[in-house]
Amino acid sequence: MISRPYDEIKQLIESYLEKEFSMKSDLIWSKPPSIELGDISFPLFNIAKELKIKPIELGEKIISEISFPKIIEKVNLQGGFLNLAFNRSIFVTQVLQTILEQTKYGQNSSLNSERIIVEHTSSNPTGPLHIGNFRGSVLGDVLGRLFSFLGAAVNVRYYVNDLGRQIAPLVIGYFLLKETKFEIEEKGDLWLGKVYASMYTFLEIQQLKKKLIVLGWKLQSSASLYSLDDSDLKTIPDFLNILPVENKEKDNTHKWFSKLARIQSSLIERIPDVYEKLNKLTSSRIENLESMTNQYVKNYQEGKDKSIVEKFREVTKMALDGHVETLNLFEIYHDDFDWESDVAWSGEVQTMLTELEDKKYLRHDGKARLLRNDTIAEELGYKTKYSINYEIPDTIIINSEGITLYPCRDIVYHLHKLEKFNASLCYNVIAKMQQLPQLSVRLALYGLNRIDTADKVHHFDYEYVSLIGRKMAGREFDYVTPDELFVLAQKEIKIIIEERDYSEEEQQKIIKKVAASSIKYHILKMDPQKSVAFDVKKAVDPNENSGSFLQYSYARALSILNRSSKHGINIQKILESTEKEKLIIEKQAEWELVKLMEELPSILVKAAKFLRPDSVANFSYSLASAFHKFYDACPVLKAENPKLVKSRVMIVLSITKCLESLFEVMGIETLEKM
RNA sequence: GGUCCCGUAGCUCAGCUGGAUAGAGCGUUUGCCUCCUAAGCAAAUGGUCGGGUGUUCGAAUCACCUCGGGAUCGCCA
């Protein structure tokens, strides 16, 4: 039998209100400010107002007319608050029994009827995962785990963006180096990040120089198109100064130039080997990187040139393998990987575009096409439904070269993925930056008369992660990766564990698991809506408010259980006997702990309802903290009398079950020893 | 300029479907391992909840205004 004292009391009062006043209510309970007042509190003001009586009168009526069950020990009225105190013995007996009866405490079937897609990470295959997109991985992972824990069928997908324009220079650079039999001595995706940063910079420098030439600047015959040499660094600013064009234009060009000069020198400093080698190769072997890039993208989008397809796939695969390796370190797994190129080659993008065109939902501007977001939203009731009363800007979906852009494929992809899984809901865990494109996808689905599908799609957005004092920039090879955090965290943990007596093998296992949980937890606990300045030192510090604190509480609990037999205590026997015998609570620390354990199921339901995976982390922290306090204040195996031993062993057994559930939801591994 | 998000202790952040005296961690100061793992516990320190007005019996929480920070607004994703 599942018994939840907090809910029971709430329902008891609610049903009284319904019977007595035919009033349907969803009562809110809170915790009294001080423990002397009780354990649970109901403010009566609102109900009293609705019934047009005084709160105190209502309270008195409730107290005199409801016959409270034995679990309620004390009832008192305090200025409009109905405060109830539990009989601790009955409460703890009931709650712990419930916890221990369930296979997984807190698991329920509230989402049984849902089929939910969670798409997350979907990072560009142009480098390693960094903590910015990794934030989405963690949030998405926990969201999926949470839904699944609450009974939903969950499908976790990764959308591989292998078609973006930005990959082409990477592919070109990759094969330039490959032909030279360049040795790769690091993780593939990290190495690709270096190639990408270099090639992209060459491309941009070429574009800058091209623009300058149009303005009348003279390129020296010996100079490279792809780098800014000493003479460029001098002549370009001089040239811009005397240029007879508008100030704004001049300014922008100047800014662009300075930015590229900065990036170039920072890349030379940070990744000299890859950068310089590629610079030479590109200068000597590639006549026009820009046109080659366009050619590559176009070819790959069409998917007909087999050698190009193979090249793009090889590079993308290498990056993706790196991402998966990183994710797996943190217990993050995907069910399916969908390649953007497959969507493009299916031919459905054209069908989709034609339909939108026929319905006049596309605006023309030369060869470019824009999705008329506002018109669609207005005509098809999106604005009314979601009470939007401002103008939604159009989004460009085909550029003036006639190349289809990312949203085109994403629209088709959405039709596919929801259909394939027969989903009732779909959460795209994607950075807040993508708000407008995400909205466009839904609006396009409206335009295609797939309103039911569109309404199932939700953008679970999360804010930007920066580094203290600077932004992360893939194009500048400037970011912090979860991989390097993992290494740093392990070092810190090693310092602590070396003081303990573990074998080398055990040490390694513990270090890895603690490092993973600490980093994951550190990212998870932050409100997704808050942009954060990431502090590497704090993220890897085991003494900070972190995952190791949680794992430690579990290890401590297990340590007690494992030692019980040495103290002549038989856990199995205790478990069997409790049904008849009441448990007791003596100290405040144990009482607080048991009350928190009672709350676990409702915390999970709330986290899923309000889409707050971070709240699971924060609750876990409170629970672990309460257990550490209990651990310190209440000896278990050496408790004063057998009755107390029994009760406390039950508490310890229960906390392990609570933590196991929470760890499962957060994708954190349990450790028996640490 | 439009839209979205954020502003709580020296720092990093919880709390926000309105509830009583605003909570952690770090930092600083001080205790606790002959006692189940000190990756822990206890105590001290620290706050005009950015500001204003309103709604309400009651506002960190809701509405409006305002200030500060960030993101985004046709050819990158």
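Naming convention: chains lettered A, B, ... in sequence-line order (proteins, then strands); numbering from 1 in each chain.
Nucleotides B:U61 and B:G18 have their P atoms positioned 12 Å apart, rounded to a whole Å. With C1' as the reference atom, B:C13 and B:G27 are 14 Å apart, rounded to whole Å. Taking the P atoms as reference points, B:C49 lies 15 Å from B:A20, given to the whole Å. Here, B:G15 and B:U8 have their C1' atoms 9 Å apart, quoted to the whole Å. The gap from the C1' atom of B:G23 to that of B:A60 amounts to 12 Å, rounded to the nearest Å. Comparing the same atom, C1', in B:U30 and in B:G69 gives a spacing of 39 Å after rounding to whole Å. Using atom P as the reference point in both B:A44 and B:G54, the two lie 38 Å apart (nearest Å). B:G10 and B:G47 have their P atoms separated by 6 Å, given to the nearest Å.
Look at B:A22: it lacks any Watson-Crick or wobble partner with both distances under 3.5 angstrom. Across all strands shown, B:A59 remains unpaired; no Watson-Crick or G-U wobble contact has both distances below 3.5 Å. Shown here, B:U48 forms no base pair; nothing in the strands shown gives a Watson-Crick or G-U wobble contact with both key distances under 3.5 Å. B:A38 makes up no base pair with any nucleotide shown, lacking Watson-Crick or G-U wobble contacts both under 3.5 Å. Pair check for B:G74 finds none; no Watson-Crick or G-U wobble contact set falls under 3.5 Å. Of the nucleotides present, B:C6 is the one that pairs with B:G68 by Watson-Crick or G-U wobble criteria, both distances under 3.5 Å.
Residue contacts for A:Leu439: at a heavy-atom cut-off of 4.0 Å it reaches no nucleic acid atom on any strand shown. Among the heavy atoms of the strands lying under 4.0 Å from A:Asn83 is at least one base atom, whether or not backbone atoms are also near. If you check every strand for non-hydrogen atoms under 4.0 Å, A:Ser400 touches a base. Nucleic acid contact for A:Glu391: none, since no nucleic acid atom lies under 4.0 Å from a heavy atom of the residue. Residue A:Ile388 is out of contact with every strand shown, counting any heavy-atom pair closer than 4.0 Å. Within 4.0 Å of A:Tyr502, counting heavy atoms only, lies at least one base atom of the nucleic acid. Residue-level contact check: A:Ser41 touches the bases, meaning some heavy atom is under 4.0 Å from a base atom. Note on A:Glu672: a base of the nucleic acid sits closer than 4.0 angstrom, heavy atoms only. Here A:Arg612 lies in heavy-atom contact (under 4.0 Å) with sugar-phosphate atoms only. As judged by a 4.0 angstrom heavy-atom cut-off over every strand, A:Lys367 is placed among residues making no nucleic acid contact. At the heavy-atom level, A:Arg369 lies nowhere under 4.0 Å from the strands shown. Among the atoms of the strands shown, only primed sugar atoms or phosphate atoms (P, OP1, OP2) are found under 4.0 Å from some heavy atom of A:Pro393.
Under the 3.5 Å distance criterion, with hydrogens and angles disregarded, a donor-acceptor pair is assigned to the side chains of A:Ser341 and A:Tyr300.
Taking 4.5 Å as the limit, every side-chain heavy atom of A:Val480 sits out of range of all side-chain heavy atoms of A:His130. Between A:Arg409 and A:Trp339 the shortest side-chain heavy-atom distance does not fall below 4.5 Å. Annotation: side chain of A:Arg135 is in contact with side chain of A:Met526 (closest heavy-atom distance under 4.5 Å).
At B:C75, none of the side-chain N or O atoms of A:Arg165 fall inside 4.0 Å of OP1 or OP2 (strictly under the cut-off). Put simply, A:Lys525 has no side-chain N or O that comes within less than 4.0 Å of OP1 or OP2 on B:U12. The side chain of A:Lys537 places no N or O atom within less than 4.0 Å of a non-bridging phosphate oxygen (OP1 or OP2) of B:U12.
Paired with A:Asp39 under the rule side-chain hydrogen bond (donor to acceptor under 3.5 Å, both in side chains), one option of A:Lys31, A:Lys595, A:Lys74 passes, and it is A:Lys595. The residue from A:Gln529, A:Gln434, A:Gln438 that alone fulfils the side-chain hydrogen bond (donor to acceptor under 3.5 Å, both in side chains) condition with A:Asp461 is A:Gln529.
Figure legend: cation-pi geometry between A:Arg372 and A:Tyr361 absent, as NZ or CZ is not positioned both under 6.0 Å from the six-membered ring centre and within 45° of its axis.
The side chain of A:Val532 lies closest to B:C13 when the candidates are B:C41, B:C13, B:C75. Checked against B:C36, B:U8, B:C41, the side chain of A:Arg563 finds its nearest nucleotide in B:C36. Residue A:Asn46 has its side chain nearest to B:G19 when only B:C76, B:G19, B:U17 are considered. Taking the side chain of A:Leu436 as heavy atoms from C-beta on, and the options B:U72, B:A20, B:G40, the nearest nucleotide is B:U72. Of the candidates B:C41, B:G7, B:G18, B:G18 carries the atom nearest the A:Ile28 side chain, counting heavy atoms from C-beta on. The A:Ile560 side chain lies nearest to B:C36 when the options are B:A77, B:C36, B:A38. Considering only side-chain atoms of A:Val636, the nucleotide from B:C76, B:C36, B:U12 that sits closest is B:C36. The side chain of A:Tyr621 lies closest to B:A24, out of B:A77, B:A24, B:G15. Residue A:Phe81 has its side chain nearest to B:G19 when only B:C36, B:G19, B:C5 are considered. Considering only side-chain atoms of A:Lys629, the nucleotide from B:U17, B:C41, B:A77 that sits closest is B:C41.
With A:Asn428 contributing its side chain and A:Glu119 its backbone, the two residues share no donor-acceptor pair below 3.5 Å. Between the side chain of A:Arg648 and the main chain of A:Pro635, a donor-acceptor pair closer than 3.5 Å is present.
Look at B:C33: its glycosidic torsion is within 90° of 0, and that puts it in the syn range. Classified by its glycosidic torsion, B:G74 falls in the syn category, the angle being within 90° of 0.
Judged by ring centres under 5.5 Å apart and planes tilted less than 30 degrees, A:Tyr390 fails to stack against the six-membered base ring of B:U3.
Computed from coordinates, the A:Gln529 CD to B:C16 C1' distance equals 13 Å when rounded to whole Å. For the pair A:Met526 CE and B:A14 P, the interatomic distance rounds to 9 Å; values are reported in whole Å. Rounded to whole Å, atom C1' of B:A42 lies 16 Å from atom OH of A:Tyr631. At whole-Å resolution of the value, CG in A:Asp614 and P in B:G15 are 6 Å apart. Distance, A:Lys638 NZ to B:C36 P: 5 Å, rounded to whole Å.
Salt bridge A:Glu290/A:Lys210: present, at least one basic N to carboxylate O contact under 4.0 Å.
Each of A:Cys634 and A:His628 was matched to the nucleotide of RNA chain B holding its nearest heavy atom; the match closer to the 5' end belongs to A:Cys634. Of the two residues contacting RNA chain B, namely A:Lys49 and A:Ala368, the nearest-nucleotide position lying further toward the 5' end is that of A:Lys49.
Between the base of B:G74 and the side chain of A:Arg363 there is a donor-acceptor pair shorter than 3.5 Å.
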